[in-house]
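So the structure is just underneath, and the comments pick up after that.
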Amino acid sequence: MSWGSDNPRYLVLGFSKGTRQCNLLQSAQHDQIPFAGFRHNVTAIIRKLGLLGPNEQIEDRIHDKEQDFGFGSLIRCSVAHLDPVTSKPLKSGDVIGRLSKRASGDDWAYNCMHNFLSQLPARLRVVVLLSNDDSYIEACFSRLRQLYPGMRRINSVAYSDGQVTWVHTVHGSPLAQSHINAWLAGDRTSQGEKQRSAIAALSQISSEPALASKPTSLQSKQQERPLDQAFVDTQTVADPEDVLASTGEHELHARVQRGRAKGSILVPHRHSDGCFVVSMTRFERDYIRLRSIQEVVEHLRRGYSLRMIAHHGPTKSPSLISSSSIVGWR
């Protein structure tokens, strides 16, 4: 079973349907089944990755009209093991751990991945795997690498074949709430480090292939010059007013509203590494580096702030400007 878009940009996968989800199969509507009982945690996790805006909910994405998100499980069927005491099947506990301990990479788990994950949707850029236990990461990586021989590790929680990035996060189950809280906090714990590694892996992604099939008004007005050059190279543009005049009314910009620099035009700041920076906070550890204006626009739509700078006047250092104060991306 799966939910959301059949050609998603982002795919969120649990391990398999647990007891709660299986019980709902006979009584609940289709869209009520995935992540039942812990959607609030999954929402917080996906927001932290920067794939959802601060006011967006996973709840609002699980429906058949959804365009960007898909949802499902790594193993499509429900997996259980027999309790050694009661002999009853258990779908929780160490089910994930038991897969991780299997020495063979050519088993029922690989067969399921081969059937459902060997041909990925054309728009797909990110797969979020809920569970970041080290042995589970290795079990998934070793099997997926058989499907995609070019798969390489990015860091301890992420890997990519150059087209799709697979990133492991903490699981959303409230049975592991302390781990979830530590992961979300990004503190000096193992889970905090794994959160920062997940965000760092996604910050390297270029969104241009995913957006190529959906031209923006920015692109349509910039057919004769490279988009990034036209907008933000504040070191070479003579005057931001000239940029606005030459690139049309949809130029990304903001105006300083108070202080010594009141009235100055702010434009996106390109850092020395060629990237723009967006963030949900003022802390450098949360910065996400992007290489295209198209990607900046996607993050502004999700509520991120953008580092911007005035080309002339008293304001010479870049500042984070909230998306609500920026003109030209809506």
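Once rounded to the nearest 0.5 Å, the distance linking NZ of Lys48 with CD1 of Ile46 reads 12.5 Å. One finds the CG atom of Leu51 at 5.0 Å from the CZ atom of Phe69 (value rounded to the nearest 0.5 Å). Between atom OG of residue Ser173 and atom NE2 of residue His179 there is a gap of 11.0 Å, rounded to the nearest 0.5 Å. Atom CD1 of Ile288 sits about 7.5 Å away from atom CG of Leu202, to the nearest 0.5 Å.
Without hydrogens or angle criteria, Arg39 side chain to Gln57 main chain gives no donor-acceptor distance under 3.5 Å. For Ser5 (side chain) and Asp68 (main-chain N/O), no donor-acceptor pair under 3.5 Å exists by modelled atom type. Remark: side-chain polar atoms of Arg9 are not paired, donor with acceptor, to backbone N or O of Arg123 under 3.5 angstrom. Without hydrogens or angle criteria, Arg61 side chain to Glu66 main chain gives no donor-acceptor distance under 3.5 Å. Judged by distance alone, the side chain of Gln195 and the main-chain N or O of Trp183 form a donor-acceptor pair under 3.5 Å. Listed for the Arg270 side chain is no donor-acceptor partner under 3.5 Å among the backbone atoms of Arg291. Side chain of Gln119 to backbone of Pro121: no donor-acceptor contact under 3.5 angstrom is found. A side-chain donor-acceptor contact under 3.5 Å links Ser142 to the backbone of Ala139. With hydrogens and angles ignored, the 3.5 Å screen pairs no side-chain donor or acceptor of Arg289 with any backbone N or O of Ser203.
Look at Glu138 and Arg153 and you find a salt bridge, because one of the NZ, NE, NH1 or NH2 atoms lies within 4.0 Å of a carboxylate O, short of that distance.
Note on ring orientation: taking the six-membered ring where Trp is involved, the planes of His271 and His269 are perpendicular (angle over 60°, cut-offs 30° and 60°). Note: Tyr148 and Trp166 have tilted aromatic rings, judged against thresholds of 30 and 60 degrees for the angle between ring planes. In this structure, Tyr136 and His168 have perpendicular ring planes: the angle between them is above 60°, well past the 30° mark.
Closest approach of Ile326 and Leu252 over heavy atoms only: CG2-CD2, 4.2 Å.
When hydrophobic clusters are built by joining Ile, Leu, Val, Met, Phe, Trp and Tyr residues whose side-chain heavy atoms come closer than 4.5 Å, directly or via intermediates, Leu11 is not grouped with Ile154. Hydrophobic clustering (side-chain heavy atoms under 4.5 Å, transitive across Ile, Leu, Val, Met, Phe, Trp, Tyr) groups Ile137 together with Leu74.
Residues Ser305 and Ser279 fail the side-chain proximity criterion, which asks for heavy atoms closer than 4.5 Å.
Each of Thr189, Asn155, Asp134 was checked for a side chain to side chain donor-acceptor pair (under 3.5 Å) with Lys194, and the lone residue meeting it is Asp134.
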